[in-house]
> 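Questions regarding the structure given below will be posed in turn.
The analysis underlying the following values was restricted to heavy atoms, covering all of them including side chains, and did not include hydrogens, waters or symmetry mates.
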Amino acid sequence: MADPLSADRFLAALRAEGCKVVEHPGWRSHTRTSSGRPWGPVNGVMIHHTVTRGTDATVRICRDGYAGLPGPLCHGVIAKDGTIHLIGYGRTNHAGGGDPDVLEAVTDESYGTRPPVPNVGNSDGTDGNARFYGFECENLGNGVDPWPAAQLEAIERASAAVCRAHGWSHRSVIGHLEWSDDKSDPRGFGMPSMRERVGTRLGKTPSTPTPAPIPPKEDPVALSKTDVALAVLGYRNQKADEASKKAGRRIPDVYGYIVGTYQAVTGIASDVRKILALLQKEN
């Protein structure tokens, strides 16, 4: 149990853990705290899936909410590519009601691989919006939509960032389905394995993701005008041949024919000048 991090400390914790973060306008003050219900003390991190497709649409829904549930619906949206979009802070509508026994187990970090099975749901449970940081993860939640490695790593890093900032262990990270008996998210990966990843990360110094290697640039090759012209002619002849095969008849490359004829005439003219020069010498 702890006082919530300030928005600046929250952002700094994510960046220190190597998270790729995008700040959306007004996220620090976009909150449900104005509803008169509390934010804090906080006890953990909750992971969700969105049942949406497409990052832009997912971020918009999580920021604005929908009929019957105003936004923000989380603190951060974790996209398929691992980017964390910050869209709200303070109290957000993500956790809803849940089991007080689960809250106690998370607060004490006293469970094994899983917290106790929840026996109450969203409508009759303890207020989780006051107690948990929430990350919504872009996924259809059907058990088929894949969870890319970059996205799972971002979930791991974001969870570890908050836990590290508060001095919590990996047991302060749970899924929505572990909080409320009428929820199924996140679906497609197991929270015990994710907690294990978070625990491993917390045992190490924070690090940034290894960037993908940049292929070496090839040295530019200087081409003469003749080389370029020949390359263009070769390409156009190839395309003319392909069109001819499809049509079942010869389709000439008219431009290439003209250029080729010009080159042939130029060559003949050069030969004629050489012959005339030889004849003049003999005379």
Side-chain angles (χ1 to χ4, degrees), residues 1-23 27 40-49 55 74-87 89 94-95 102-116 131-139 146-179 185-214:
M1 185 179 296
D3 291 333
L5 301 172
S6 69
D8 287 340
R9 283 194 62 201
F10 177 71
L11 174 60
L14 292 174
R15 286 180 169 162
E17 204 68 40
C19 298
K20 180 182 177 182
V21 178
V22 172
E23 299 180 72
W27 72 270
V42 287
N43 302 88
V45 178
M46 190 173 294
I47 305 301
H48 307 259
H49 66 227
T55 300
C74 60
H75 299 95
V77 175
I78 302 181
K80 290 279 193 182
D81 66 357
T83 302
I84 301 174
H85 297 260
L86 298 184
I87 52 101
Y89 204 64
H94 73 96
V102 175
L103 179 61
E104 182 178 356
V106 171
T107 301
D108 297 339
E109 298 185 326
S110 58
Y111 63 92
T113 58
R114 295 179 183 274
R131 303 288 190 169
F132 290 92
Y133 298 89
F135 290 98
E136 287 279 1
C137 306
E138 178 191 344
N139 191 275
W147 291 88
Q151 188 177 31
L152 292 173
E153 182 177 339
I155 296 170
E156 171 194 327
R157 286 180 181 271
S159 300
V162 176
C163 289
R164 197 187 299 276
H166 280 293
W168 297 335
S169 82
H170 59 289
R171 290 186 177 87
S172 287
V173 182
I174 63 172
H176 202 186
L177 78 172
E178 296 176 310
W179 170 242
D185 55 317
R187 187 179 180 193
F189 68 89
M191 285 305 302
S193 62
M194 178 55 68
R195 276 189 288 272
E196 185 177 347
R197 290 176 60 159
V198 173
T200 299
R201 178 167 293 280
L202 288 171
K204 302 176 182 178
T205 302
S207 62
T208 56
T210 302
I214 300 174

> Using the rule given for side-chain contact (heavy atoms from CB on, under 4.5 Å), can you reason through Tyr133 versus His166, listing the C-alpha separation, both sets of side-chain angles and the distance that settles it, and then say yes or no?
CA-CA 12 Å; Tyr133 298 89; His166 280 293; 2.7 Å; yes

> Is a side-chain N or O of His49 found less than 3.5 angstrom from the main chain of Cys137, in a donor-acceptor match?
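Not a single qualifying donor-acceptor pair exists.
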
> Just verifying a value: how many Å separate Asn139 CG and Phe189 CZ, rounded to the nearest 0.5 Å?
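If I round to the nearest 0.5 Å, the distance is 8.5 Å.
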
> Show the nearest heavy-atom pair for residues Ala165 and Leu5, with the distance to one decimal.
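Smallest interatomic distance, heavy atoms only, reads CB-CD1, 3.8 Å.
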
> Can you find a pair of side-chain heavy atoms, one from Arg114 and one from Pro192, that are under 4.5 Å apart?
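Yes, at least one pair of side-chain atoms sits under 4.5 Å.
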
> Does Pro186 reach the side chain of Leu177, with side-chain heavy atoms less than 4.5 Å apart?
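Yes - at least one pair of side-chain heavy atoms lies under 4.5 Å apart.
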
> What's the separation between atom OG1 in Thr205 and atom CD in Glu17, rounded to the nearest 0.5 Å?
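The CD atom of Glu17 is 10.0 Å from OG1 of Thr205, to the nearest 0.5 Å.
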
> May I ask you to test the Pro148-Asp81 pair for a side-chain heavy-atom distance under 4.5 Å?
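Pro148 vs Asp81: side chains apart.
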
> State whether the side chain of Arg195 and the backbone N or O of Thr113 hold a donor-acceptor pair below 3.5 Å, judged by distance alone.
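Pair found, side chain donor or acceptor close to backbone of Thr113.
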
> Show the nearest heavy-atom pair for residues Ala161 and Ala13, with the distance to one decimal.
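In terms of heavy atoms, the two residues are closest at CB-O, 3.4 Å.
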
> Which label fits His75 and Tyr89: parallel for a plane angle under 30°, tilted from 30 to 60°, or perpendicular past 60°?
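Perpendicular.
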
> Given the rule in the side-chain contact (heavy atoms from CB on, under 4.5 Å) test, do Met191 and Val173 qualify, once you have shown the distances and angles that lead to the verdict?
CA-CA 8 Å; Met191 285 305 302; Val173 182; 4.0 Å; yes

> If I compare all heavy atoms of Val102 with all of Trp179, which pair ends up nearest, and what's the gap?
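Closest approach of Val102 to Trp179: CG1-CE3, 3.9 Å.
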
> side-chain contact (heavy atoms from CB on, under 4.5 Å) with Ser169: which residues, sequence neighbours excluded?
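Checked Ser169 against side-chain contact (heavy atoms from CB on, under 4.5 Å); matches are Glu109, Arg171.
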
> Of the non-hydrogen atoms in Ser193 and Gly190, which two are nearest, and what is the gap between them?
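Minimum heavy-atom contact is OG-O, 2.8 Å.
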
> Under a 3.5 Å cutoff, is there a donor and acceptor pairing between the side chains of Asp8 and Ser6?
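Ser6 and Asp8 do not have a side-chain donor-acceptor pair below 3.5 Å.
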
> Does Glu196, at its CD atom, have more than 12 non-hydrogen atoms belonging to other residues, nucleotides or ligands within less than 6.0 Å?
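At most 12 heavy atoms, drawn from other residues, nucleotides or ligands, come within 6.0 Å of this atom.
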
> Got a second to check how far Cys19's SG is from Ile78's CD1, nearest 0.5 Å?
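The CD1 atom of Ile78 is 7.5 Å from SG of Cys19, to the nearest 0.5 Å.
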
> Can you tell me how far CE of Met194 sits from CD1 of Ile47, rounded to the nearest 0.5 angstrom?
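The CE atom of Met194 is 7.5 Å from CD1 of Ile47, to the nearest 0.5 Å.
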
> Side chains of Arg197 and Leu152: does their closest heavy-atom pair fall under 4.5 Å?
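In contact.
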
> Keeping Gln151 on the side-chain end and Glu138 on the backbone end, is there a donor-acceptor pair under 3.5 Å?
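Answer holds: yes.
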
> List for me each residue that meets side-chain hydrogen bond (donor to acceptor under 3.5 Å, both in side chains) alongside His48, sequence neighbours excluded, and say none if there are none.
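Scan of His48 (side-chain hydrogen bond (donor to acceptor under 3.5 Å, both in side chains), adjacent residues dropped) gives His94, His176, Asp185.
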
> Quick one, Val22 with Trp27, criterion side-chain contact (heavy atoms from CB on, under 4.5 Å). Give me CA distance, side-chain angles, the key distance, then yes/no.
CA-CA 10 Å; Val22 172; Trp27 72 270; over 6 Å; no

> What pairs with Trp147 under side-chain hydrogen bond (donor to acceptor under 3.5 Å, both in side chains), at least two apart in sequence or on another chain?
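Residues passing side-chain hydrogen bond (donor to acceptor under 3.5 Å, both in side chains) with Trp147: none at all.
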
> Run His85 and Thr55 through side-chain contact (heavy atoms from CB on, under 4.5 Å) and show every step you take.
CA-CA 9 Å; His85 297 260; Thr55 300; 3.6 Å; yes

> Is it the case that more than 12 heavy atoms not belonging to Arg164 sit under 6.0 Å from its CZ atom?
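Yes, the 6.0 Å shell around CZ holds more than 12 heavy atoms from other groups.
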
> Search all heavy atoms of Trp168 against all heavy atoms of Asn43 and return the closest pair with its distance.
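Scanning both residues completely, I find the closest heavy atoms to be CH2-C, 3.6 Å.
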
> OG1 of Thr83 to NZ of Lys20: how many Å apart, nearest 0.5 Å?
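Going from the OG1 atom of Thr83 to the NZ atom of Lys20 covers 3.5 Å.
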
> Rounded to the nearest 0.5 Å, how far apart are CD1 of Ile155 and CD1 of Ile84?
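Ile155 atom CD1 to Ile84 atom CD1 measures 9.0 Å (nearest 0.5 Å).
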
> Which heavy atom in Pro4 sits nearest to a heavy atom in Gly40, and how many Å separate them?
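That would be CG-CA, 3.9 Å.
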
